[in-house]
> 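Below you'll find the structure I mean.
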Amino acid sequence: MWRRNWREQLPAILAGDWDIVTIGGGITGAGILLEAARQGLRVLLVEQRDFAWGTSSRSSKLVHGGLRYLKEGKLLLTRASVQERKNLLREAAGLVEPQSFAFADYRGRKPGRWLFSLGLTLYDWMAGQRSRRYYPADEFLLLAPHIERAGLKGGMCYGDAKTDDARLVLRVLQEALAAGGVAVNYLAATQVLRTGGNADGVELLDALSGAIYTIKAKVVVSATGAWADDLRQNAAAGPKLRPLRGSHLLLPAWRLPVAQAVSLMHPRDGRPVFAFPWEGVTLVGTTDVDHGTGMKVEASITPDEVAYLMQALEFQFPELRLGLDDIIATFAGVRPVIDSGKADPSREARDHAVWLEHGLLTVTGGKLTTFRLIALDALAHCEPLLPRQHRRPHASRTFRQPEPLPANRALTAAQAQRLQGRYGMHAAELLAAACGGELETIAGSETLWAELRWAARAEAVTHLEDLLLRRTRLGLQLRLGGAELLLRIRAICQAELGWDDQRWLAEEAAYLALWRRHYSLPPRETIPDWRAGGAAAPRPITK
C-alpha cells in the first residue's frame with residue numbers, strides 16, 4: 001500500500017494539478033477517493049491527523065439499516081442502508097459480519113411485542129429477507145442469558161451487521177490506491193485557496209517535516225465531518241452542524257458474555273442501548289449528547305456518560321453485578337449531524353448533506369453504512385466542474401474479490417476469512433511477512449501478531465497510537481492499552497519503522513499518556529453512583 005519511506009517522495013507525489021482534492025481521511029473521504037479514482041480522475045486525499053482518526057474509528061461499529069429511523073419516518077434512509085448492508089456483507093466477509101440482535105419483551109415495557117414486530121417486518125421487507133423471530137421466555141433466556149428475568153414474556157431476535165470501522169476505512173483506501181488515488185496522512189489543509197472568490201486549491205502543511213505545499217485543483221471537497229464548519233467561508237450563514245458525542249465502554253467477554261447483541265431501552269430516557277460481542281471483547285453503547293467541549297480537543301467519555309451506560313447494564317444484567325473494575329477501556333466519537341433545532345439530540349436526522357459554497361463542496365452527516373452512496377452523491381455535485389473525457393461508469397462493487405489465501409495450517413478458516421476481509425489483496429503478503437510465532441492470536445483479542453508487523457511495514461503508521469488504536473484495536477481490547485505487550489511491539493516497530501531507542505521511548509510515553517486521557521475511565525470519584533439512582537441521563541449542553 002504505502003512503500004517504506006514513502007514520505008521522502010512527498011514533493012513528487014503532490015506535484016501537478018489535481019481534478020479533486022478531498023480533505024478528510026474518514027470513511028466519507030475514503031469513499032470519495034475510491035469512486036473518483038475509479039472514474040479515472042486525478043484525486044488526492046489529505047488528512048491532518050491519521051486516517052480514521054476522528055469519527056470513523058469511534059463509531060458504534062454497526063453496519064445497520066437504522067431500525068429506529070423507521071420510527072422517525074426515514075424510510076428512504078433505512079431502505080438505502082439495508083441494501084448497502086447487504087452489499088457489504090457479500091463483498092467484505094470477514095470485515096463486515098452478521099450480528100444477531102436480541103430484544104427482550106417485558107410486561108409493561110415499551111415498545112411491546114406487536115409494535116416492535118411491525119417495525120421489524122418493514123425492516124426485513126426493505127432488506128429482502130426474513131431475519132426476525134419471536135421466542136417465548138424460556139427459549140429467549142438460552143439466547144440471552146444473564147438478563148433480568150422479572151416480567152420477561154419472551155423476546156425478538158433479528159439480523160444486522162457489525163464491523164471494525166477503522167479497518168473498513170483502511171480497506172477502502174487500499175482499493176482507492178490500487179485504482180490510482182493518492183492518500184496522505186498527517187498533512188493538514190491550513191487554507192482553502194480561492195480565485196475570484198471560488199475555491200481552486202489548498203495550502204497544505206506537513207505535520208512531520210513542517211514543509212508547506214500549494215495544490216491546485218478543479219474541485220475542493222471538504223469531507224471533515226464534525227469539523228466541516230472550520231473550512232467553510234460562510235458557516236454562520238448556511239446550514240450549521242451540531243456535533244453530537246457518542247461514548248462507549250468495553251468489557252471482557254467473560255465478564256459480560258453475550259452471543260447475541262442485547263438491545264434495550266434505557267430506563268431513564270428510553271434511548272436504545274446495546275451490548276454486543278466485538279473483536280474479543282463486549283462493546284456497550286451509546287450515549288447521544290451535545291459535544292460542548294469544542295472540536296479542538298479529542299473527545300472523551302464523561303463521568304455522567306459512564307454512569308448512564310453502567311445504569312443500563314445494571315438494569316438489563318442485574319445478576320452480573322458489573323462494576324467499574326470490569327471496564328477495560330472507553331472511547332468517544334463526535335457525529336456530524338445537521339442542526340434542525342430539536343431539543344433532544346437523538347431526534348436529529350442522520351441523513352447526509354452536500355452543499356456548494358463559493359466552489360467548496362462540503363459533504364457531511366450520514367451513516368457509516370451508506371458511505372458509498374454519500375461518495376456518489378458528492379461526485380454528482382462535482383460533475384459540472386470535472387473533465388468528462390476520461391469518465392468511466394460507476395463500479396457495481398465497492399471491494400474487489402481477493403484471491404483465495406494459500407493453505408496454512410496455522411490459520412483456521414475463520415482467521416483466513418478475517419484476514420481477507422481486512423487486508424483484501426494484501427492478505428497473502430501479510431502472511432508471507434510474518435516472522436516466527438506471529439500467526440498466533442494476541443490474548444484478549446482476535447488480532448494476530450503478524451497484523452502489527454504488516455501495518456508497521458505497509459500502512460502509513462507514523463505514531464504508536466496509529467498502530468494500536470486504528471491499524472489494530474489493541475488499545476481498546478486490552479487493559480492499560482496493551483502496556484504489557486509493548487516490549488514485543490517495540491521490536492516490531494524498531495525493525496519495520498526504523499525507530500531508534502529515543503524515538504521509541506517518546507512514542508511509548510505519548511501513547512500511554514493519550515490512552516490515560518481519552519481511553520480510560522474519568523477519575524472514579526467524579527462518576528455518579530448509578531446503583532443509588534444518582535445516574536441521570538447525560539444532560540445536553542445548552543446551545
Side-chain angles (χ1 to χ4, degrees), residues 13-48 172-173 175-177 179-184 187-205 213-225 227-241 336 338 351-366 370-396 398:
I13 291 171
L14 298 176
D17 292 347
W18 299 81
D19 293 319
I20 299 176
V21 172
T22 297
I23 305 166
I27 192 63
T28 299
I32 293 170
L33 181 72
L34 172 57
E35 296 299 334
R38 284 181 172 171
Q39 290 184 34
L41 297 167
R42 189 162 194 258
V43 57
L44 166 70
L45 178 148
V46 297
E47 163 58 48
Q48 67 174 342
V172 174
L173 288 175
E175 297 283 341
L177 268 59
V182 176
V184 183
L187 188 62
T190 55
Q191 184 181 180
V192 176
L193 305 176
R194 300 176 187 273
T195 300
N198 289 321
D200 63 353
V202 288
E203 183 181 87
L204 303 173
L205 172 64
Y213 303 94
T214 298
I215 301 295
K216 302 296 283 185
K218 296 179 179 68
V219 180
V220 178
V221 177
S222 170
T224 53
W227 291 262
D229 281 346
D230 294 345
L231 289 173
R232 295 169 59 205
Q233 197 173 54
N234 294 313
K240 190 168 178 60
L241 295 179
I338 308 303
D351 309 67
H352 76 276
V354 180
W355 60 86
L356 188 65
E357 297 168 309
H358 304 281
L360 174 67
L361 188 82
T362 299
V363 53
T364 191
T370 56
F371 72 89
R372 185 183 70 92
L373 300 182
I374 296 171
L376 292 175
D377 190 24
L379 289 176
H381 282 75
C382 296
E383 239 177 61
L385 303 175
L386 293 171
R388 303 191 61 84
Q389 60 269 30
H390 301 301
R391 302 294 291 280
R392 303 167 188 161
H394 297 309
S396 58
T398 300

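Quick note: residue numbers are just sequence positions, from 1. The structure presented is a predicted model; accordingly, all values stated were derived computationally and were not measured.
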> I need the Ile20 CD1 to Leu379 CG distance, nearest 0.5 Å.
5.0 Å

> Yes or no on side-chain contact (heavy atoms from CB on, under 4.5 Å) for Val182 and Val43, after CA distance, side-chain angles and deciding distance?
CA-CA 7 Å; Val182 176; Val43 57; over 6 Å; no

> So, using side chain to side chain donor-acceptor pair (under 3.5 Å) as the criterion, who are the partners of Thr362 when residues are at least two apart?
none

> Of all the heavy-atom pairs spanning Val172 and Ala30, show the shortest one and how long it is.
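In terms of heavy atoms, the two residues are closest at CG1-O, 3.4 Å.
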
> Between CD of Gln39 and SG of Cys382, what distance do you get to the nearest 0.5 Å?
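Result: 10.0 Å between the selected atoms.
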
> Quick check for you: to the nearest 0.5 Å, what is the distance between Leu360 atom CG and Ser222 atom OG?
5.5 Å

> For Glu175, give me all partners under salt bridge (Lys or Arg N to Asp or Glu O under 4.0 Å), at least two apart in sequence or on another chain.
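Here the qualifying residues are Arg38, Arg171, Arg400.
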
> So, for Pro336 and Gly225, which heavy atoms are closest and what is the spacing to 0.1 Å?
CB-C, 3.5 Å

> Taking the side chain as every heavy atom from C-beta outward, state whether Ile215 and Val46 have any atom pair closer than 4.5 Å.
no

> Closest approach of Leu177 and Ala183, non-hydrogen atoms and distance?
CD1-CB, 3.9 Å

> Which value, rounded to the nearest 0.5 Å, describes the distance between Ile374 atom CD1 and Ile32 atom CD1?
8.5 Å

> To the nearest 0.5 Å, what is the distance between CZ on Phe371 and CG on Leu376?
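The distance works out to 10.0 Å.
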
> Test side-chain contact (heavy atoms from CB on, under 4.5 Å) on Val220 and Val202; report intermediate values, then the result.
CA-CA 8 Å; Val220 178; Val202 288; 3.9 Å; yes

> As an exercise, state the distance from OG1 of Thr22 to CG of Leu361, rounded to the nearest 0.5 Å.
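Here the rounded value is 9.0 Å.
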
> Quick one: list whatever passes side-chain contact (heavy atoms from CB on, under 4.5 Å) with Asp19, sequence neighbours left out.
Leu41, Arg42, Lys218, Leu386, Pro387

> At their closest point, which heavy atom of Gly180 faces which heavy atom of Ala37, and how far apart are they?
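Scanning both residues, the minimum pair turns out to be C-CB, 4.4 Å.
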
> Does any N or O in the side chain of Gln48 come within less than 3.5 Å of the main-chain N or O of Ala188, such that one atom is a donor and the other an acceptor?
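Pair absent, no side-chain N/O of Gln48 close to backbone of Ala188.
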
> What closest approach, in Å, do Gly359 and Asn198 show between heavy atoms, and which atom pair accounts for it?
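In terms of heavy atoms, the two residues are closest at N-OD1, 3.9 Å.
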
> side-chain contact (heavy atoms from CB on, under 4.5 Å) with Glu203: which residues, sequence neighbours excluded?
Thr190, Gln191, Leu193, Ile212

> I'd like to know if the side chain of Arg372 and the backbone of Glu35 have a donor-acceptor N/O pair within less than 3.5 Å.
no

> Measuring only between side-chain heavy atoms, which start at C-beta, is Val21 closer than 4.5 Å to Val221?
no

> Which residues satisfy the side-chain contact (heavy atoms from CB on, under 4.5 Å) test with Ala176, sequence neighbours excluded?
Leu33, Leu34

> How close do Trp18 and Ile13 get, heavy atom to heavy atom, and via which atoms?
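Residues Trp18 and Ile13, closest heavy atoms: CZ2-O, 3.4 Å.
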
> Using the side-chain contact (heavy atoms from CB on, under 4.5 Å) criterion, which residues pair with Asp377? Sequence neighbours excluded.
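Once residues adjacent in sequence are excluded, the partners of Asp377 under the side-chain contact (heavy atoms from CB on, under 4.5 Å) criterion are His352, Val354, His381.
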
